[in-house]
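A short worksheet on the structure shown next.
For this chain, numbers begin at 1 and follow the sequence in order. Everything numeric here is computed off the predicted structure, so don't read it as measured data.
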Amino acid sequence: MQLPVPRGPLTDRLFAELARPPHAFGPPPAGPYGDPCGDRYGDEEDAQLALFVCYELHYQGFDGVDDRWEWNPSVLALRERLETWFEGWLARRVSRPPAPPPREVPRALAALVASDDGPSLSAYLRGRGDAAQFREFVVHRSIYQLKEADPHTWGIPRLLGRPKAALVEIQSDEYGGGRPERMHAELFRATMRGLGLDDSYGAYLGSVPGVTFAISNVMSLFGLHRRHRGALLGHLAAFEMTSSLPNRRYSQGLRRLGGDAGARRYYDEHVQADAVHEQIAAHDMCGAFAAEHPGLAGDILYGAACALTLDRLFAEHLLGRWREGRTSLWRADAQVSMR
């Protein structure tokens, strides 16, 4: 994966530093950096991409970037500032649900998910979306889906007992139960190939807007900080509890557009798997964790609320652009490479 084109002074400087051997560099400019999910292409794009790149050093990294940058103090200082900005943005935009009694956490999660009234992207793509729009949707999702499960896996060493076993059970399915061809990231690659898209990791970093990076960044934020482990579990629970029906619709929409069984398998797999994961995540993982850590019950609900809010913003961005007859990608002239 190559570093994408910079989107402002922050990424321009960061990428220039990363192209050199690891070294110390001066502190970044002070925030705020703008709204990562706004409808402007300015500071918010620059900051969201910079944060994503800082996080990606902990995943697959970039061609031409020395692996030793991962723990470089200057990069970590920049990441800390960006995280402070992003956490502030989340706090302003996401209403923190009241902390329930630990035994009520599964029920509170279900109620939070049921109360979500955001627009249905899956319903649109099932019945009205055209092939170009479905390809755009898959391009957006590839930023996370090609490393699906990895951010939540950071939580495993931070848990004990029943919550840990539950998370491992969910993650084992995500990774194909030890069979590489059944890993969900690999199934998504088949979807991309079926749509004529480039299925290489990070191929579309230069094509997606800040809101798409925000969806991945919130997972990395929660996963890479032990203090956010409750929010990480709540995020995963919301992810699983809102997956089965939308994926059924995505499969139906792709079938309507001529997608074959191989291209639809990713969505079909999630219809069945996530219906089971929903119960494991709510009860065995989050419920048991709240019983062990009553003071973090509110964090679980907050993590779930963050997942729902960002999904709503993502859907509003795509549907709003499509209603206007515009691309949902980063720039009006953005090109989606096809195989």
Evaluate the ring planes of [X] and [Y], with Trp represented by its six-membered ring, and classify them as parallel (under 30°), tilted (30 to 60°) or perpendicular (over 60°).
X: F137; Y: Y267; result: parallel
X: Y250; Y: F134; result: perpendicular
X: W69; Y: H23; result: perpendicular

[X] versus [Y], closest heavy-atom pair with distance:
X: R93; Y: T309; value: O-CG2, 4.2 Å
X: A149; Y: Y144; value: N-OH, 3.0 Å
X: P119; Y: L319; value: CB-CD1, 3.7 Å
X: S142; Y: M192; value: CB-CE, 3.6 Å

Are [X] and [Y] close enough that their ring centres sit under 6.0 Å apart?
X: F62; Y: Y201; answer: no
X: F222; Y: W154; answer: no
X: H270; Y: Y266; answer: yes
X: F52; Y: Y55; answer: no

Inset, instruction - Please name the residue in the list Q133, E136, R321 that meets the side chain to side chain donor-acceptor pair (under 3.5 Å) test with S328. - result: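 So, applying the side chain to side chain donor-acceptor pair (under 3.5 Å) to S328 and each of Q133, E136, R321, only E136 qualifies.
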
Considering only NZ, NE, NH1 and NH2 on the basic side and carboxylate oxygens on the acidic side, decide whether [X] and [Y] come within less than 4.0 Å.
X: D46; Y: R7; value: no
X: R96; Y: D299; value: yes
X: R312; Y: D116; value: no
X: R227; Y: E87; value: yes
X: E56; Y: K147; value: yes

Report yes or no: do [X] and [Y] form a side-chain donor-acceptor pair below 3.5 Å?
X: E83; Y: H225; value: yes
X: H58; Y: E70; value: yes
X: R189; Y: S200; value: no

Inset, instruction - Measure the OG-CG distance between S216 and D150 for me, rounded to the nearest 0.5 Å. - result: 10.5 Å

Legend entry - Other ILVMFWY residues reachable from L76 by side-chain steps of under 4.5 Å: W71

Legend entry - P4 side chain near F15 side chain, heavy-atom distance below 4.5 Å: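 SC-SC contact between P4 and F15 confirmed.
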
